[in-house]
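Read the structure below first, then the notes.
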Amino acid sequence: MAAHLSYGRVNLNVLREAVRRELREFLDKCAGSKAIVWDEYLTGPFGLIAQYSLLKEHEVEKMFTLKGSRLPAADVKNIIFFVRPRLELMDIIAENVLSEDRRGPARDFHILFVPRRSLLCEQRLKDLGVLGSFIHREEYSLDLIPFDGDLLSMESEGAFKQVANMMIRMKREFTGSQNSIFPVFDNLLLLDRNVDLLTPLATQLTYEGLIDEIYGIQNSYVKLPPEKFAPKKQGDGGKDLPTEAKKLQLNSAEELYAEIRDKNFNAVGSVLSKKAKVISAAFEERHNAKTVGEIKQFVSQLPHMQAARGSLANHTSIAELIKDVTTSEDFFDKLTVEQEFMSGIDTDKVNSYVEECIAQKHPLIKVLRLVCLQSVCNSGLKQKVLDYYKREILQTYGYEHILTLHNLEKAGLLKPQLGGRNNYPTIRKTLRLWMDDVNEQNPTDISYVYSGYAPLSVRLAQLLSRPGWRSIEEVLRILPGPHFEERQPLPTGLQKKRQPGENRITLIFFLGGVTFAEIAALRFLSQLEDGGTEYVIATTKLMNGASWIESLMEKPF
Amino acid sequence: MGHRKYELYSMDWDLKEELRDCLVAAAPYGGPIALLRNPWRKEKAASVRPVLEIYSASGMPLASLLWKSGPVVSLGWSAEEELLCVQEDGVVLVYGLHGDFRRHFSMGNEVLQNRVLDARIFHTEFGSGVAILTGAHRFTLSANVGDLKLRRMPEVPGLQSAPSCWTTLCQDRVAHILLAVGPDLYLLDHAACSSVTPPGLAPGVSSFLQMAVSFTYRHLALFTDTGYIWMGTTSLKEKLCEFNCNIRAPPKQMVWCSRPRSKERAVVVAWERRLMVVGDAPESIQFVLDEDSYLVPELDGVRIFSRSTHEFLHEVPVASEEIFKIASMAPGALLLEAQKEYEKESQKADEYLREIQELGQLTQAVQQCIEAAGHEHRPDMQKSLLRAASFGKCFLDRFPPDSFVRMCQDLRVLNAVRDYHIGIPLTYSQYKQLTIQVLLDRLVLRRLYPLAIQICEYLRLPEVQGVSRILAHWACYKVQQKDVSDEDVARAINQKLGDTPGVSYSDIAARAYGCGRTELAIKLLEYEPRSGEQVPLLLKMKRSKLALSKAIESGDTDLVFTVLLHLKNELNRGDFFMTLRNQPMALSLYRQFCKYQELETLKDLYNQDDNHQELGSFHIRASYAAEERIEGRVAALQTAADAFYKAKNEFAAKATEDQMRLLRLQRRLEDELGGRFLDLSLHDTVTTLILGGHNKRAEQLARDFRIPDKRLWWLKLTALADLEDWEELEKFSKSKKSPIGYLPFVEICMKQHNKYEAKKYTSRVGPEQKVKALLLVGDVAQAADVAIEHRNEAELSLVLSHCTGATDGATADKIQRARAQAQKK
């Protein structure tokens, strides 16, 4: 069912099974019929580890969304709240419980905190006089949700968390309760998003990255405009066009998607057309099938071929949708400006394209993303330039955005240049962040994911594995935040004997989020024949420039 | 019947009084012995305080204390080796092995009123229970003193005097009481009292003098006034055997003596000077008792101790009997002989061995010797049997070694704990029943830490279950040593424990705090690697500030919040803020908390920190959220602006002042023109004015707020196109030279699908964008001309891509020619 998690060198399906088991155990503790009241935010992440059928098997009969006032009527014995430990949610729960108490037959209430129990929240429930109503109060450590064979995410917005603790937990899950723990990972690299503010701001140009940029991938699902997916049957006359968005799950379980997700979008078309030929050739085979045996053989392959054809149709439609966007003039202009910034052209002046975007009231997020990109690529903007942009934004989009601007400044995304020094060119040159000769079809370097720009974060990881950070010490000093290396000593018995040709495995943990393009770049490195390192990626949140900026925006009304 | 008796220890406990003058309690599994001398019986002078003494099974003194509480009726040991002393008033005092008082509980009011006549401590699978017979001849019991639930048993109808004897039974996990009154037996369960009759009981019984229940509650023995002993199952459904000993004197004690899974049944009956083992054989075994003795029933036999000796009586195990029976030809016996001869270098060794092998019984012989070794008490006997086993093993191809190795290990452990210094005379069967974990616990209870650790290391137990656990216990004991300084204790503990996995320093610290040694607890907590573990105890010890820094170290936000809320209640506001100020992380967390929960506190915090920037933001939020009236909003913004000035954020201050100006203006516009202006951005305000035809006002506003020319042009352009006011647009385009060029004019007209208007502007578009403009309006031919004129390859391709087959064929050719020409040059 979750085969895509088992492909990697480290079997992440173990982790998924562990969390599923925990969930079942909790549900079984509350004997009898149940209704689950969901903190809406959690439904997405939970969908990745347990389908409704699993809940149903454990007598979950109703599901509600957590809302104020009273719960919808449900004839169940248990009511279980699945919530994040947030105080505001506790208030709602208390309201629910109190109104339920007035309603009649006593129910059993339980609460499951995700990912951890909070004393603070329990105190709040106590203050509200309902703490005693809960029979089971437990935590469900859904810390790292396996997304793919090499990808884990915590899917939490507030990224202040203790990573070390989770590492310990992971070790435990991987090895059972044995005393000696066989190391699964050779290296752990923790990367704080602050080290690389640049990468997420740039527009991702891989297939998956673009789907995310344009439509937004939520918990591995994407919602797409339905028109292109309408079944093309003759005589249908296009009457019954579906109106509901088409929802697709995207992960490496789908063979075709696994092949193209990390490619530069410009290389996707040729793969799709090649695939189309292969598939139609395969279907043509049926005319050659003469004997009963041959026909049987053909029929046995049909389901797989049909699935492949369906998958191809879907991705062809998606690619068409994306192509409409990427071939638009505005997309081209925006990309040009981004690439100018990243290659260090005219970053210290007011950019006329940005100016025009503001004047034409393009979406604020787009504008902010560009201004921040310029700021980061110039080690901060000249005060005059910065003030000009800010004033333009406030006048055009409204004064209330002064709070958002302030947040961006606090996050370091937008800042005045200090001491008049621009460090970015040094960083760019030393780390080879800008590559002029990019091969989008058959990439030789990670820079293909942004058609020229090599993501700083991934470059750091690449240099760490070879030749080591000693060679770039000066740059590390310029980059924000302290850097340190630590070795975890292992008892000799546990030291792995590496087979010749066996790669080291590095767990790279992105604190503060990671983009699909960065993941693609890391996968590219893993696949390099002489790379010597494979990566498993963990993060606090899957993100892109838009969702990042959005998380920093503040609307006072 | 095969029973044997051997000496465990010669006792040198130097008892001053006879055992018969004391209350005696000995714990099973080779447990300790408690004596309470001089109990409150008859004429003894009340002025002399009795002494409670506790000895190991080998007679080593463990504790001695003056009894200062009330009269004691009965003593008994719990399964955890705690001494329960049942007082006459129904209060049960609980002492540790070393005479340390643990706690006390009462058996209820009814008991208190009627006094305790008799009491028994008994063991069930849940723990240890207490049964009380009160002066009113009623029973009260609790099946588990660890979880005290008192149960008053139903009344026995017509009971006028105390029963002649009684005991507790345990059937189907429920405790019952069996009592004898004259010739009748009654069984009490929690609901009812029923009269019972043992099947096959000999006639003529007018009273029962003693009753005994076996260790496992399976069997029951009854001693009647006719000197007759009935033995059967506890359920009273089956008789096993009977015996007539013809002694009518009431015995002092009667206990079962059987081994698990053995077919033999036997009880041991003790009178003043006589000990008798009786079973289903017609003959009994009799021993003469030289001195006052006491019987302790065990799982697989009976311990008998007196002033001078401590012996063990048990049924001879099968393996031992086979081997040691005179002239036995059992394979084990032959093997033992063979080995002895071998040592004498006699050829007989070979003969014996052959004999066994011929019968194909060598494996069995080895097994017998190993098993018998386990049942021997004397190490020399153990050794010779094991030697024989090892000898026999040499002649076997595939004998799995584990049983031999395990027996050697087990015996080594058993011999170590049987040593009289330790004094735990466990038999092999008892040891296996007890398990090594419990044995280790008992060693820890006796503070025999080094031995316990040696055993763990010898048996290679995992650290967490073994050494670490024992060290932790040791440390908990160590912190109670009041005569050693905090420094020394902490250092000693850390030296011994180091970073041993599985040791919780916080547990040890909690114990230290429990003993009132706060400073020591803090020192110990320093060694705790998991800072999260330190916090709750530190809070309990009122070291909140330390707790705060530890919570921060732990990185657990929830923990930090817990400490913060604790501190907030504990300290006054000023001190609380000061504390926060020194802990930036706590401060920022608390700010987050306040942002959602306590806005006013947030303001105070910013104020205290002189964080004017955030204060400004705070007031901006307030101007939107808290204020309705325009005056209020402007006032809030004024406060924000002031704060920004203080924060030296000139830009924000100016922007805020602009916003105030705009708000007032928007208000005026609404009053004068109607419509909605409030909370529109400046840009949108101007746009709205233009759309409403108030161009003058729009101009004015743009000037007042210094909207840059470029953007103003875009704005007007967009608004006029929206209005489709083409005339005004054209006028506007001619008002002066456009700062944004004329391509936008073309674009906007095309957006409104007005090609006619769009074409008006194409001529004015600058040369760089001309091609694009021409293509927009669909004038491919002219676009081609311009591109050719520019000799611009990119432009040429662009035009070419717009050439649609039929209509623009000529143009396409033209471009191709131009290209070819360009290449020639």
TODO: Please flag which part of B:Ile707 lies under 4.5 Å from any non-hydrogen atom of chain A: side chain, backbone, both or neither.
DONE: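 The answer is both parts of B:Ile707.
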Task: Contact origin within B:Asp658 toward chain A - heavy atom pairs under 4.5 Å - done: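 Side chain only.
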Working to the nearest 0.5 angstrom, can you tell me the gap between [X] [atom1] and [Y] [atom2]?
X        : Y        : atom1 : atom2 : result
B:Gln613 : A:Lys410 : CD    : NZ    : 8.5 Å
A:Leu394 : B:Phe651 : CG    : CZ    : 5.0 Å
A:Glu329 : B:Glu747 : CD    : CD    : 6.5 Å
A:Leu403 : B:Ile620 : CG    : CD1   : 5.0 Å

Open item on the list: If you define the side chain from C-beta out and look only at heavy atoms, does anything of A:His406 sit under 4.5 Å from B:Glu614?
Closed with: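 Side chain of A:His406 against side chain of B:Glu614, heavy atoms only: contact under 4.5 Å found.
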- [ ] May I ask you to test the B:Leu663-A:Tyr399 pair for a side-chain heavy-atom distance under 4.5 Å?
- [x]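 No, their side chains stay 4.5 Å or more apart.
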Task: A:Gln360 portion near chain B, given a 4.5 angstrom heavy-atom threshold - done: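 Only the side chain of A:Gln360 comes within 4.5 Å of chain B.
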Looking at every non-hydrogen atom in both residues, tell me the closest pair between [X] and [Y] and how far apart they are.
X        : Y        : result
A:Thr396 : B:Ser681 : O-OG, 2.6 Å
B:Phe705 : A:Arg391 : O-NH2, 3.0 Å
B:Pro708 : A:Glu392 : CG-OE2, 3.0 Å

Is the count of non-hydrogen atoms from other residues, nucleotides or ligands lying under 6.0 Å from [X] atom [atom1] greater than 12?
X        : atom1 : result
A:Lys366 : NZ    : yes
A:Phe332 : CZ    : no
B:Glu768 : CD    : no

Task: Residue selection (most heavy-atom pairs with chain B, distance under 4.5 Å) from A:Glu88, A:Glu356, A:Gln123 - done: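 Looking at each of A:Glu88, A:Glu356, A:Gln123 in turn, A:Glu356 comes out on top.
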TODO: Would you mind telling me which of A:Gln395, A:Glu355, A:Gln383 has the largest number of heavy-atom pairs within less than 4.5 Å of chain B?
DONE: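 Option with the top pair count is A:Gln395.
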Open item on the list: I need the residue from B:Leu680, B:Thr656, B:Ile740 with the largest number of non-hydrogen atom pairs under 4.5 Å to chain A.
Closed with: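 Top count of heavy-atom pairs under 4.5 Å with chain A: B:Thr656.
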- [ ] Scan B:Thr687, B:Thr718, B:Asp684, B:Leu715 and name whichever one has a side chain to side chain contact (heavy atoms under 4.5 Å, CB included) with A:Lys361.
- [x]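 Testing each of B:Thr687, B:Thr718, B:Asp684, B:Leu715 against A:Lys361, the sole residue satisfying side chain to side chain contact (heavy atoms under 4.5 Å, CB included) is B:Asp684.
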Task: Check against side chain to side chain contact (heavy atoms under 4.5 Å, CB included), B:Arg621 and A:Glu554 - done: CA-CA 10 Å; B:Arg621 278 181 210 111; A:Glu554 184 175 345; 2.3 Å; yes
